[in-house]
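Scroll down for the structure; my scribbles are underneath it.
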Protein chains: 2
Amino acid sequence: MITIKDVAKEAGVSVATISRVLNNSPGVSDETRERVLSVIKRLNYNPNLLGRNLRRMETKMVLVLLPTISNPFYARIVKGIEDVAQKNGYGVMLCNTDSNVEREKMYLELLKNRLSDGVIFMAPEMDKDELNEIGEKYAVVQCCEYKEGANVSHVSIDNYKASYKAVKHLIGLGHKHIGLISCKNNFLSTKHREEGYKSALEDSGIPFNPDYIRYGDYSFKSGFRAAQGLLNDHKEITAIFAISDIMAIGAIKSCCENGLKVPDDIGIVGFDNISFAPMYNPSLTTVSQPKYDIGCTAMELLIKQIENKGGNKENIVLEHELIIRHSTVK
Amino acid sequence: MITIKDVAKEAGVSVATISRVLNNSPGVSDETRERVLSVIKRLNYNPNLLGRNLRRMETKMVLVLLPTISNPFYARIVKGIEDVAQKNGYGVMLCNTDSNVEREKMYLELLKNRLSDGVIFMAPEMDKDELNEIGEKYAVVQCCEYKEGANVSHVSIDNYKASYKAVKHLIGLGHKHIGLISCKNNFLSTKHREEGYKSALEDSGIPFNPDYIRYGDYSFKSGFRAAQGLLNDHKEITAIFAISDIMAIGAIKSCCENGLKVPDDIGIVGFDNISFAPMYNPSLTTVSQPKYDIGCTAMELLIKQIENKGGNKENIVLEHELIIRHSTVK
DNA sequence: GATATTTATGTAATCCGTTACGTAAAATAG
DNA sequence: CTATTTTACGTAACGGATTACATAAATATC
């Protein structure tokens, strides 16, 4: 393997000069710089960053922990993260945690072992206190999902308001019996979306019926089953709000298989505006998060933390939007 | 920051002993080992892997380059890769190339700079010769998509046979006028899938009509438009085979919007069996690749190359399966 | 009990770039 | 023309962990 020494010898200068050329540091004559660059090219030299990283104690790499890349919701967010990272000379490592604390902790070793300069959590699994501990020693940002009370920056939308707006849309269409497909977890977004649902009903003078809530696990199948259960037990239901698009799609499929027409017989609203939402048949009314911007903002926050060596806790709330499609109106 | 020296001083031994404990090397008394471990825990010491990596000239990290994580096709493959990686002590970095040669090359710097021990390409963008050059110096595996004639290992299915089978299925249902939605690119999979389509027709005595082929770009919209064009120009068409599920889904949507019933009026077959295929309305008949196994196999091949320091070129072909759903039969 | 072997540990070189510091030569100032 | 500053380098320490080699102590062998 070619090292900086080989290049130095070949160019007839010291390794320090090579390093200066590599880093565009001042103090090298144009002539020498040219010569060194040509030797580098001729020998096809690639600096071994392990040496640099050790010396500088940084890797210019950040970790992005997400539950699973198979959830299309994350794709645009990741794009935003990557674009900002690239612009600032950082690389991005995506890691699937499978919503598994063990796996999450395994990947966090990369942070502790200095193989990564910071981490973005899409949905932290560990508890608030552990998260806080990590946040004190390393650069950390939470993205979309976050832990209440954790003293760690986050970027997200106002899930309460978004959910409120979605349910108000259904009410505005004349629906009075609206089911909710939620999840049993302790994500804050879930709690806020449920609260938004309740408030929207109550503010419209519609009594809240706890049996109108069914729980899934963000999967298609769980949405399918939840809708089936709801419509079976409560014939009067004419609309369903699901806290994720994939469950909403499961709900639509379930309606269609039971001979119900969407949106004529049942109106359905999802959440997230995944890329499949407009493709579905019928296309899905849903709440859109500014995914790309969320990603960009999270990465910007992270870089600020890395470069200022910690400090700056910031929480940023971005705007959502209700996108009306054919699962609620013809 | 706590280093190995701090631990050594605190435990009253040399750094070599600490290192031996960290690596489970022999030659440390139980008593000393215990003591060192307790000091490590007490000081909350995390070894800095930058030092280890530099010394060992390895990072136990591999690169996976994919066009985009938003294509759900890759999710299961990545899972296979990750599971095998984890079992063997490797970490996985996923990187989006956006099907962009520049971005692909940028990420390959991680290999050249020794920040990664090997790379898996899901769909190499660079040309055969460049790929070969990389393959000579580093551990490289191609997964699903591969370059013809490149002397670099690959894992894939037999796209020709798979496509042949899919079209034969349509012919078996009585269809005689079958459109094809393909892509204009130079992927080998595309070429083979087109060839399979032609052979299936010819072997069944159905003349091949070049105007029955339309081209998309793997997107929903392009599938939608292609189907619209085909059905507009050729009222006699009763079936469409698309070389990707997402385009097939676009085709279904297009049919439905034009008042055609799937599968009664038009039968549609896709390719890849993405997670959305069974969720769609109607569910999609498609060719299933053993995605998880493909991922596992690719990673196994890569590890073999890394640990044997190159050598072993191997090409592995795995079995596919035709999955019949409601887009072709009631 | 002397010798050979094994065990447990330490010392120091090493991996590759970076960078603080030193120095000689060139440029500038007076 | 001398004194000062600037420029263009070189030398060597450094970052943290690994590991070949050395060594002292403990154990086994006869």
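Numbered from 1 within each chain, the chains take letters A, B, ... in sequence-line order. All values below come from the heavy atoms of this structure, side chains included, with hydrogens, waters and symmetry mates left out.
- Look at CG on A/N46: it is 19 Å from P on C/dC15, rounded to the nearest Å.
- Atom CD in B/E58 sits roughly 16 Å away from atom P in D/dA17 (whole-Å rounding).
- When heavy atoms are screened at a 4.0 angstrom cut-off, B/S25 is found touching no nucleic acid atom at all.
- Between A/K112 and A/I134 the shortest side-chain heavy-atom distance falls below 4.5 Å.
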Please enumerate all protein N or O atoms sitting under 3.5 Å from an N or O of nucleotides 14-16 of chain D, with distances to 0.1 Å.
{"unit_1": "D/dC14", "atom_1": "O2", "unit_2": "A/R55", "atom_2": "NH1", "d": "2.9"}
{"unit_1": "D/dG15", "atom_1": "N2", "unit_2": "A/G51", "atom_2": "O", "d": "3.2"}
{"unit_1": "D/dG16", "atom_1": "N2", "unit_2": "B/G51", "atom_2": "O", "d": "3.1"}

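- A straight line from CD of A/E31 to P of D/dT7 spans 17 Å, rounded to a whole angstrom.
- Remark: A/D83 engages A/K79 in a salt bridge, criterion side-chain N to carboxylate O under 4.0 Å.
- Residue A/R56 places at least one side-chain N or O under 4.0 Å from the OP1 or OP2 atom of C/dT19.
- A/Y90 places a side-chain heavy atom less than 4.5 Å from the side chain of A/D117.
- Residues from residues 8-21 of chain A that place a heavy atom under 4.0 Å from any atom of DNA chain C, listed by number: A/A16, A/S19.
- Here A/S29 reaches the OP1 or OP2 of D/dC9: one of its side-chain N or O atoms lies under 4.0 Å away.
- Annotation: A/E133, atom CD; neighbour count of heavy atoms from other residues, nucleotides and ligands within 6.0 Å does not exceed 12.
- Separating the CG atom of A/L22 from the P atom of C/dT19 is a distance of 12 Å, rounded to the nearest angstrom.
- Rounding to the nearest 0.5 Å places CG of B/L108 at 9.0 Å from NZ of B/K105.
- To the nearest 0.5 angstrom, B/L110 atom CG is 5.5 Å from B/L63 atom CG.
- Using the six-membered ring where Trp is involved, A/F187 and A/Y218 have ring planes that are tilted, between 30° and 60° apart.
- Residues B/T297 and B/V141 have side chains not in contact (no heavy-atom distance under 4.5 Å, counting atoms from C-beta outward).
- If you take CG of B/N24 and C1' of D/dT19, they are 16 Å apart, rounded to a whole angstrom.
- Nearest heavy atoms, B/L22 versus B/P47: CD1-CB, 4.2 Å.
- The backbone N or O of A/M126 sits less than 3.5 Å from a side-chain atom of A/E104, completing a donor-acceptor pair.
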Output a table of nitrogen or oxygen pairs between the protein and nucleotides 22-24 of chain D separated by less than 3.5 Å.
none

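- Residue B/N23 is in sugar-phosphate contact alone, with no base atom involved, counting any heavy-atom pair closer than 4.0 Å across all strands shown.
- Annotation: the span from B/L94 atom CG to B/I69 atom CD1 amounts to 7.5 Å, rounded to 0.5 Å.
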